[in-house]
Amino acid sequence: MNFINESEIWFLTGSQHLYGEKTLKQVKINSKSIVDHFNGINNIPLKVVFKSVVTSSDEILSVLESANTSKKCVGVITWMHTFSPAKMWIAGLTILKKPLLHLHTQFNRDIPWDDMDMDFMNLNQSAHGDREFGFICSRLGIKRKVVVGYWKEDTVQSRIAVWMRSALAFNESKNLKICRFGDNMRDVAVTEGDKVEAQIKFGWQVKYHGVGDLVESVKNISESEIDTLYKEYESNYNITSAEIENIRYQAKIELGLKKFLDKYNFKAFTTNFEDLHGLEQLPGLACQRLMEQGYGFGAEGDWKQSALVYLMKVMGTGLKGGCSFMEDYTYHLDPVQPAILSAHMLEICPSIAKETPNIEVHPLGIGGKDAPARMVFNVSEGKGINATIVDMGGRMRMIVNPVNVIEPKPLPKLPVARALWVPEPDLETSATAWILAGGAHHTSFSMAINMEYLEDFAEMMGIEFVVIDKKTNIFDFKKELRFNDVYYLLNK
Ligand code: MN
């Protein structure tokens with residue numbers, strides 16, 4: 001995945017002709033030195049391209065039209081170094097389709113107390129120039145992130161970096177193809193949803209393929225291809241079961257699955273254990289391996305979570321910590337430390353493993369197939385974010401909850417990967433709020449990103465964003481859900 005190297009952010013500085021050429025020249029020099037600084041530090045993940053100092057409506061429209069059609073440009077940063085009368089921005093902002101970040105900064109950090117004259121005042125006007133720009137964005141209902149502070153500060157750069165990664169995910173989302181092998185698990189409600197709405201809102205193309213298409217692709221995998229992949233398993237993981245043939249069969253599924261997905265440019269997929277005709281095992285290890293390679297995955301036909309896993313992986317590209325499909329499985333209700341044990345039947349991504357995973361083979365209670373190979377491991381301790389998307393009928397709702405992964409006691413008889421975590425603010429409040437919000441049992445869980453990434457993403461997408469965290473109390477939370485119902489009714 002070369003998202004990071006291939007994408008760029010355009011930087012536009014707003015001004016006007018009133019100040020004269022000398023000032024505009026200085027505005028350009030200053031803008032360039034900010035952009036050069038961003039391009040020279042590790043804090044900023046994407047290349048920033050300084051476009052121009054814009055001083056007229058036509059100019060702004062033209063550059064933002066190019067931003068829309070540029071394959072490389074994944075977002076636009078604007079900054080009003082001086083005053084830029086914002087009627088000039090109406091035409092451009094109205095057609096802008098790429099994510100927008102309004103950087104409210106100032107070239108100088110400190111007031112030059114001894115030397116400040118009116119020339120200085122006329123050159124350094126972001127304090128009011130950016131407010132004029134803010135007004136027109138709000139008046140037009142433009143979705144954007146506002147970042148305030150001195151551009152050399154780490155905190156400012158880190159907020160920009162988060163937005164850049166979310167902008168990458170936004171652009172991936174608009175081109176995302178999700179493959180569903182089989183349909184939804186029979187009778188399950190939350191994994192269903194309006195795929196037309198999803199394509200309108202997120203850009204997701206959710207496509208059905210009969211599992212026979214996958215079986216055909218798996219059949220064509222040669223023994224020598226399996227030999228090579230099996231060697232990779234041996235060097236990356238601990239193979240602790242003697243059933244080599246069952247593990248080799250998962251290698252065969254992995255190769256067939258990957259070939260099929262790549263052929264049609266699918267970046268995410270779902271399986272369904274009720275629909276495995278022609279496969280000898282439920283894809284377990286195969287799904288874990290593909291998630292580890294960056295594909296999104298959802299079980300039981302859950303295409304929304306599959307897409308979210310993929311997009312959260314995109315946001316976390318190159319960052320420490322992994323991301324996986326997940327399910328709230330069972331509770332530890334000891335009042336001393338109530339916690340949630342999260343896992344799935346098989347399919348947890350090893351990118352969040354604490355130690356080298358074991359590859360094990362165990363029979364599966366459901367599905368009526370051969371014993372599937374899977375990776376078994378504990379998840380690293382530390383902070384993570386658990387998120388889900390549900391279809392509320394007419395709108396998509398994202399629910400997020402920060403959690404803290406703690407060390408479980410040994411689980412010698414549990415043959416799946418698992419995470420034991422304490423959600424914010426506590427299990428009782430978290431589960432109450434999650435259930436009131438209609439949150440799914442399936443989630444996407446990341447230890448690479450935090451809430452801010454998903455907040456930025458939800459803002460770009462214009463979807464409902466519901467947070468359960470340290471500040472949550474149920475009384476206010478219920479009010480927020482009711483307010484949101486009205487808001488989305490009015491803003492359909
Ligand atoms: Mn499930």
Side-chain angles (χ1 to χ4, degrees), residues 175-189 191-196 198-199 204-230 233 243-307 309-310 325 344-347 349 361-375 442:
N175 298 297
L176 179 56
K177 294 192 186 78
I178 304 153
C179 181
R180 300 178 80 211
F181 294 110
D183 194 13
N184 193 58
M185 182 179 165
R186 282 185 281 280
D187 295 325
V188 176
T191 49
E192 287 282 10
D194 183 342
K195 297 191 275 294
V196 177
Q199 189 157 354
W204 302 345
Q205 300 172 45
V206 187
K207 301 186 186 216
Y208 167 86
H209 276 276
V211 74
D213 292 349
L214 172 58
V215 170
E216 207 46 44
S217 180
V218 170
K219 262 189 201 157
N220 291 328
I221 301 301
S222 69
E223 287 300 306
S224 70
E225 287 174 283
I226 299 173
D227 291 343
T228 309
L229 186 55
Y230 191 83
Y233 290 177
E243 293 90 341
I244 305 296
E245 280 314 309
N246 295 47
I247 301 169
R248 286 177 61 91
Y249 187 70
Q250 286 285 336
K252 192 173 181 178
I253 302 179
E254 176 187 333
L255 291 162
L257 197 45
K258 184 168 162 47
K259 272 192 186 160
F260 186 85
L261 296 174
D262 291 350
K263 184 177 170 191
Y264 297 103
N265 199 21
F266 287 119
K267 300 285 179 60
F269 67 102
T270 68
T271 57
N272 182 348
F273 68 87
E274 290 173 332
D275 189 356
L276 297 173
H277 307 287
L279 285 178
E280 292 166 22
Q281 300 174 19
L282 172 67
L285 177 59
C287 294
Q288 295 179 294
R289 285 271 310 166
L290 286 170
M291 266 192 275
E292 192 178 22
Q293 291 159 54
Y295 294 88
F297 170 78
E300 290 109 47
D302 195 339
W303 48 274
K304 296 191 295 301
Q305 263 42 258
S306 177
V309 169
Y310 173 70
F325 176 70
H344 202 259
M345 222 147 50
L346 303 172
E347 312 92 336
C349 177
V361 176
H362 302 276
L364 201 62
I366 46 179
K369 293 282 169 178
D370 288 353
R374 82 288 304 272
M375 284 186 241
H442 284 168

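What you see below is based on every heavy atom in this structure, not just the backbone, and it leaves out hydrogens, waters and symmetry mates.
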Student: With distance as the sole test, does Ser217 use its side chain to make a donor-acceptor pair with the main-chain N or O of Gly256 at under 3.5 Å?
Tutor: yes

Student: Mind checking salt bridge (charged side-chain N to carboxylate O under 4.0 Å, His left out) for Glu225 and listing every partner two or more places apart, or none if nothing turns up?
Tutor: Lys259

Student: Over all heavy atoms of both residues, which pair between Val309 and Gly296 is shortest? Give the atoms and the distance, please.
Tutor: CG1-CA, 4.0 Å

Student: Working note: Lys207 + Tyr264, criterion side-chain contact (heavy atoms from CB on, under 4.5 Å); need CA distance, chi angles, decisive distance, verdict.
Tutor: CA-CA 10 Å; Lys207 301 186 186 216; Tyr264 297 103; over 6 Å; no

Student: Keeping the roles fixed (side chain from Lys304, backbone from Glu192), state whether a donor-acceptor pair exists under 3.5 Å.
Tutor: yes

Student: For a quick test of reading the model, state the closest non-hydrogen atom pair linking Ala268 to Ser306 and the distance between them.
Tutor: CB-OG, 3.3 Å

Student: Once rounded to the nearest 0.5 Å, what's the spacing between atom CD1 of Ile253 and atom CD of Glu280?
Tutor: 8.0 Å

Student: Measure the spacing between CG of Asn184 and CD of Glu274 and express it to the nearest 0.5 Å.
Tutor: 8.5 Å

Student: What's the shortest heavy-atom distance between Gly301 and Asn272, and which atoms?
Tutor: N-CB, 4.5 Å

Student: Can any side-chain N or O of Arg180 pair as donor or acceptor with the backbone N or O of Thr270 at less than 3.5 Å?
Tutor: no

Student: Between Phe325, Phe181, Tyr310, which is the residue that forms a ring pair (Phe, Tyr, Trp, His ring centres under 6.0 Å) with Phe297?
Tutor: Phe325

Student: Whether the side chain of Thr228 engages the backbone of Ser224 through a donor-acceptor N/O pair (distance < 3.5 Å, no angle test) should be reported.
Tutor: yes

Student: Any side-chain heavy atom of Leu364 within less than 4.5 Å of one from Leu346?
Tutor: yes

Student: Less than 4.5 Å apart, any side-chain heavy atom of Lys267 and any of Lys177?
Tutor: no

Student: Hey, could you give me the CG/OG1 distance between Asp302 and Thr271, rounded to the nearest 0.5 Å?
Tutor: 10.5 Å

Student: Side chains of Leu279 and Val215, heavy atoms from C-beta outward: is any pair under 4.5 Å?
Tutor: yes

Student: Looking at side-chain heavy atoms only, is the closest gap between Asp183 and Asp275 below 4.5 Å?
Tutor: no

Student: Decide yes or no for Pro283 and Leu276: does some side-chain heavy atom of the first lie under 4.5 Å from some side-chain heavy atom of the second?
Tutor: yes

Student: Could you walk me through whether Tyr208 and Lys195 satisfy the side-chain contact (heavy atoms from CB on, under 4.5 Å) test, starting with their C-alpha distance in whole Å, then the side-chain angles of each, then the deciding distance to 0.1 Å, before giving a yes or no?
Tutor: CA-CA 11 Å; Tyr208 167 86; Lys195 297 191 275 294; over 6 Å; no

Student: Evaluate the side-chain proximity of Arg248 to Glu223: yes if any heavy-atom separation is below 4.5 Å, no if none is.
Tutor: yes

Student: Which pair of non-hydrogen atoms, one from Ile178 and one from Ala307, has the smallest distance, and what is that distance?
Tutor: CD1-CB, 3.6 Å

Student: Hey, does the side chain of Asn246 reach the backbone of Pro372 with a donor-acceptor pair shorter than 3.5 angstrom?
Tutor: no

Student: Roughly how far apart are Ile247 CD1 and Ile226 CD1, rounded to 0.5 Å?
Tutor: 13.0 Å

Student: Looking at residues at least two apart in the chain, or sitting in another chain, which of them share a side-chain hydrogen bond (donor to acceptor under 3.5 Å, both in side chains) with Trp303?
Tutor: none

Student: Quick one about Tyr295 and Asp262 (side-chain donor to acceptor, distance below 3.5 Å, no hydrogens or angles considered), yes or no?
Tutor: yes

Student: In Å, rounded to the nearest 0.5 Å, how long is the span from OG of Ser222 to NZ of Lys252?
Tutor: 9.5 Å

Student: Would you check, one step at a time, whether the test side-chain contact (heavy atoms from CB on, under 4.5 Å) holds for Met345 with Glu300?
Tutor: CA-CA 11 Å; Met345 222 147 50; Glu300 290 109 47; 4.2 Å; yes

Student: Quick one: CD on Glu216 to NE2 on His209, what's the gap to the nearest 0.5 Å?
Tutor: 13.5 Å

Student: If we ignore hydrogens and angles and just use 3.5 Å, is the side chain of Glu347 paired with the main-chain N or O of Cys287 as donor and acceptor?
Tutor: no

Student: Would you say the side-chain atoms of Tyr249 pair up with the backbone N or O of Gln281, donor to acceptor, closer than 3.5 Å?
Tutor: no

Student: Evaluate side-chain contact (heavy atoms from CB on, under 4.5 Å) for Gln293 paired with Lys258, printing each intermediate quantity in order.
Tutor: CA-CA 10 Å; Gln293 291 159 54; Lys258 184 168 162 47; 3.5 Å; yes

Student: Tell me if a side-chain donor or acceptor on Gln250 pairs with a main-chain N or O of Leu282 at a distance below 3.5 Å.
Tutor: yes

